[in-house]
Amino acid sequence: MELGIKGKVALVTASSKGIGKAVAEMLAEEGCSIAICSRNKEELIAAAGDIKKKFSIDPVWCVCDLNELKDIETTVESVKKQFGRIDILVNNCGGPKEGNFQNLSDKNWQSAFEQVLLSAVRFCNLIVPDMILREWGRIINITSVAVKQPIDNLMLSNSLRNGLIGFAKSLSNEVAKFNVTVNNVAPGYTLTNRIYDLAVSRSKQAEKSHEDILIEMAKEIPMNRLASPEEIASVVVFLASKQASYITGNTIQVDGGLVKGIY
Ligand code: NAD
């Protein structure tokens with residue numbers, strides 16, 4: 001199937017590694033101009049180098065802490081300066097701090113709110129008005145299966161990601177008539193640094209090895225394995241495509257069957 005996004009400009013946030021990087025690479029493969037951002041300059045340069053080597057394009061990269069409005073503004077300005085517009089916005093973020101009700105501080109909540117929800121709102125504030133004017137746009141938020149089935153010890157993720165789902169649904173209603181779609185992809189357990197860190201943390205509490213924790217995670221999943229970042233990216237890229245023109249306001253799980261509920 002021809003996805004019809006050759007020549008579109010895509011900004012993928014939190015994209016120096018993991019799912020965000022896989023999405024940026026797959027959009028590059030489809031012929032998009034690519035902008036990536038994250039906090040760590042060295043990792044960004046390495047990610048941009050990988051993309052250049054694989055797809056012979058020069059991605060724009062911007063050091064950006066998603067908790068900082070100024071960084072978000074500078075990132076959007078740099079991408080617009082280089083490419084003139086942004087057609088596809090993929091809002092990804094780092095995973096918020098682990099913890100349960102009793103061990104999270106007010107500061108932890110504030111920081112997670114800024115990273116998980118407010119950063120996506122801020123990018124949309126800066127980018128959606130132009131999409132409305134051009135009458136074309138794709139926004140995809142990367143969330144978590146936690147929005148369907150809360151995950152133990154991830155109170156911040158379980159709580160704040162559903163705020164993002166509410167924002168996305170409301171925004172999708174407001175911008176649908178301008179051919180701007182807004183959707184969410186909810187990954188299950190995926191083989192990246194984030195899942196490795198969670199496994200290490202759980203292994204300390206359970207006095208087991210992190211390898212055993214990863215095996216236990218896989219056993220929870222009907223497919224009996226974790227996802228690759230590319231398996232999440234392919235759904236994001238389809239939602240970004242011309243072919244996904246009538247899908248909006250949705251949240252699509254990519255979880256190997258992990259969520260046990262019907263809806
Ligand atoms: P990852 O740790 O591999 O990559 C996270 C990326 O976010 C990196 O590029 C990092 O530099 C960047 N980042 C972190 N904090 C940032 C900040 N404050 N500002 C800018 N950039 C920042 O994570 P991943 O596994 O690719 O996960 C991506 C998202 O998907 C996360 O929100 C994660 O919680 C969520 N998720 C992951 C899984 C999984 O199993 N891996 C499952 C469900 C949801």
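Order of appearance sets the numbers: ligands from 1, and atoms from 1 within every ligand.
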Participant: Which residue and non-hydrogen atom of the protein lie closest to atom 26 (O) of ligand 1, and at what distance in Å?
Facilitator: Ile19 N, 2.8 Å
Participant: How far is atom 19 (N) of ligand 1 from the closest protein heavy atom, and which atom is that?
Facilitator: Leu66 N, 2.9 Å
Participant: Are Asn40 and ligand 1 in contact, using a heavy-atom cut-off of under 4.0 Å?
Facilitator: no
Participant: Which one holds for Thr143 and ligand 1: side chain close, backbone close, both close, or neither close, with close meaning a heavy atom under 4.0 Å?
Facilitator: backbone
Participant: Tell me, which protein residue and heavy-atom name are nearest atom 40 (O) of ligand 1, and how many Å apart are they?
Facilitator: Thr190 N, 2.7 Å
Participant: Ring of Trp136, cation from Lys242 - is the NZ or CZ under 6.0 Å from the centre and inside 45° of the axis?
Facilitator: no
Participant: To which of Ala14, Pro96, Gly20 does the heavy atom nearest atom 6 (C) of ligand 1 belong?
Facilitator: Ala14
Participant: Got the closest protein heavy atom to atom 18 (N) of ligand 1, with its distance?
Facilitator: Gln115 OE1, 3.0 Å
Participant: Between Ser16, Gly94, Cys64, which one has a non-hydrogen atom sitting closest to atom 14 (C) of ligand 1?
Facilitator: Gly94
Participant: Distance to 0.1 Å, residue and atom name: give those for the protein heavy atom nearest to atom 28 (C) of ligand 1.
Facilitator: Asn92 OD1, 3.3 Å
Participant: Are Leu156 and Val116 packed together at the side-chain level, in the sense that at least one heavy-atom pair is separated by less than 4.5 angstrom?
Facilitator: no
Participant: So between Pro229, Ala146, Ser38, Ser157, whose heavy atom ends up nearest atom 21 (N) of ligand 1?
Facilitator: Ser38
Participant: How about NZ on Lys204, more than 12 heavy atoms from neighbouring residues, nucleotides or ligands closer than 6.0 Å, or not?
Facilitator: no
Participant: Tell me: protein heavy atom nearest atom 42 (C) of ligand 1, and distance?
Facilitator: Gly188 O, 3.1 Å
Participant: Sequence neighbours left out, what passes side-chain contact (heavy atoms from CB on, under 4.5 Å) with Ser228? Give chain and number order.
Facilitator: Glu230, Glu231
Participant: Would you say Ser144 has any N or O atom under 3.5 Å from an N or O of ligand 1, going by distance alone?
Facilitator: no
Participant: Which residue holds the protein heavy atom closest to atom 43 (C) of ligand 1, what is that atom called, and what is the gap in Å?
Facilitator: Pro187 O, 3.2 Å
Participant: Looking at Leu27, Leu89, Ile142, which one forms a side-chain contact (heavy atoms from CB on, under 4.5 Å) with Val12?
Facilitator: Leu27
Participant: Evaluate Cys93 for polar contact with ligand 1, using N/O atom pairs at a separation under 3.5 Å.
Facilitator: yes
Participant: Just to be sure I read this right, does ligand 1 sit under 4.0 Å from the backbone of Arg161, its side chain, both, or neither, counting only heavy atoms?
Facilitator: side chain
Participant: If the condition is side-chain contact (heavy atoms from CB on, under 4.5 Å), which residues does Gln205 pass it with, not counting sequence neighbours?
Facilitator: Asn153, Ser201
Participant: Report, in ascending order of atom number, the atoms of ligand 1 lying under 4.0 Å from any heavy atom of Ile195.
Facilitator: 40 (O)
Participant: Among all protein non-hydrogen atoms, which one is nearest to atom 4 (O) of ligand 1, and what is the separation to 0.1 Å?
Facilitator: Lys17 CG, 3.8 Å
Participant: Would you check if Ile57 and Ile51 make a side-chain contact, meaning some heavy-atom pair closer than 4.5 Å?
Facilitator: yes
Participant: Indicate yes or no: does Asp130 engage Lys80 in a salt bridge with an N to O separation below 4.0 Å.
Facilitator: yes
Participant: List every atom of ligand 1 that sits less than 4.0 Å from any heavy atom of Tyr189, numbering the atoms from 1 in the order shown and giving each element.
Facilitator: 40 (O)
